[in-house]
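Ligands are counted one by one from 1 in listed order, and the atoms in each one are counted from 1 as well. We count residues from 1, following the sequence as given.
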Amino acid sequence: MRRKLAAGNWKMNGTGAELAEVRTICDTHQGAGVEILLCPPATLLHRLSEAASSAIATGGQDCHKAENGAHTGDISAGMLADAGASYVILGHSERREDHEETDQDVREKARAALAAGLKVVICVGETLEERDAANTLDIIAGQLAGSIPDAVTGDTLVIAYEPIWAIGTGKIPTLDQIGEVHDFIRSRLEQRFGSGVGRSARILYGGSVKPGNAAEIFGVSNVDGALVGGASLKATDFSPIIEALEKA
Ligand code: PEP
């Protein structure tokens with residue numbers, strides 16, 4: 001049985017004032033039947049990890065591939081762990097675009113994260129042009145093959161399928177399109193890692209998940225939860241998504 005995961009990606013949003021949202025989420029979802037993860041900006045990670053106690057896991061939004069050294073402005077996986085993180089998001093499309101991160105970069109960062117004891121949420125997804133050209137599955141196959149290191153286990157690997165055109169736009173693929181990609185990812189993981197890892201790694205959907213569409217998305221096969229951007233910033237939006245996942 002895969003433990004369902006409701007993950008929030010705060011991106012470059014949130015200061016100390018937003019910790020009140022975290023306390024509300026913790027109070028509301030003590031003993032939740034699903035795992036809850038919040039990935040705040042690095043400046044909040046330690047405070048949020050303390051505020052979240054054991055009710056919520058925390059994660060970084062990126063890490064460097066090196067353990068330490070002359071990399072001004074970067075943060076290592078070990079530093080994220082030291083600040084209380086147990087996860088790190090890697091290869092988000094905004095990082096692939098803003099920082100020109102390649103699949104190889106993502107794989108090297110993931111190796112470093114695993115070595116530091118973190119679980120990895122590796123993001124994959126196609127552009128609208130790629131979908132319109134019927135290239136979605138080829139793009140996803142390439143990103144999976146290139147971005148996931150060999151050292152993952154069923155417990156440490158989470159894949160987030162995030163169609164780039166659905167992120168922050170209010171548009172989502174049809175449920176059939178989500179199901180097609182999630183089933184495809186599951187079969188690729190089983191092919192490469194065998195049924196143990198392949199069946200126990202979780203696959204999240206991400207891209208404009210909201211309280212109003214969460215339940216139908218969570219009903220799709222091989223959707224084990226969501227990576228949520230905008231709607232994870234407010235407890236009033238994130239809580240109904242968590243509740244929908246609990247009921248799924
Ligand atoms: C994201 O950036 O990971 C994301 C899914 O954003 P949103 O939910 O705002 O579309």
Which of the numbered atoms in ligand 1 are below 4.0 angstrom from a heavy atom of [X]?
| X | answer |
| --- | --- |
| Gly230 | 7 (P), 8 (O), 9 (O) |
| Gly207 | 5 (C), 10 (O) |
| Ser208 | 7 (P), 8 (O), 10 (O) |
| Asn9 | 2 (O), 3 (O) |

- Message: Just to be sure I'm reading this right: ignoring hydrogens, which of Lys11, Glu162, His92 gets closest to atom 5 (C) of ligand 1? Compare them by their nearest heavy atoms.
- Response: Glu162

- Check the angle between the aromatic planes of Tyr205 and His182 and answer parallel, tilted or perpendicular using the 30° and 60° thresholds. tilted

- Going by distance only, is there an N or O of Leu227 that falls short of 3.5 Å from an N or O of ligand 1? no

- Please determine which of Val121, Val120, Ile122 meets the side-chain contact (heavy atoms from CB on, under 4.5 Å) test together with Val88.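 Among Val121, Val120, Ile122, the one meeting side-chain contact (heavy atoms from CB on, under 4.5 Å) with Val88 is Val120.
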
- Query: To the nearest 0.1 Å, how far is atom 8 (O) of ligand 1 from its closest protein heavy atom, and which atom is that?
  - Reply: Gly229 N, 2.8 Å

- Task: Using a strict cut-off of less than 4.0 Å between a Lys/Arg side-chain nitrogen and an Asp/Glu carboxylate oxygen, indicate whether Lys234 and Glu18 qualify as a salt bridge.
- Result: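 So Lys234 does not pair with Glu18 through a salt bridge.
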
- Residues Asp105, Lys65: salt bridge by 4.0 Å N-O rule: no

- At under 4.0 Å between heavy atoms, what of Ile167 touches ligand 1? The answer is both

- Message: Checking Asn68 against Ser76: is there a side-chain donor and acceptor pair closer than 3.5 Å?
- Response: no

- Does the side chain of Ser147 pick up a donor-acceptor pair with the side chain of Arg96 at under 3.5 Å? yes

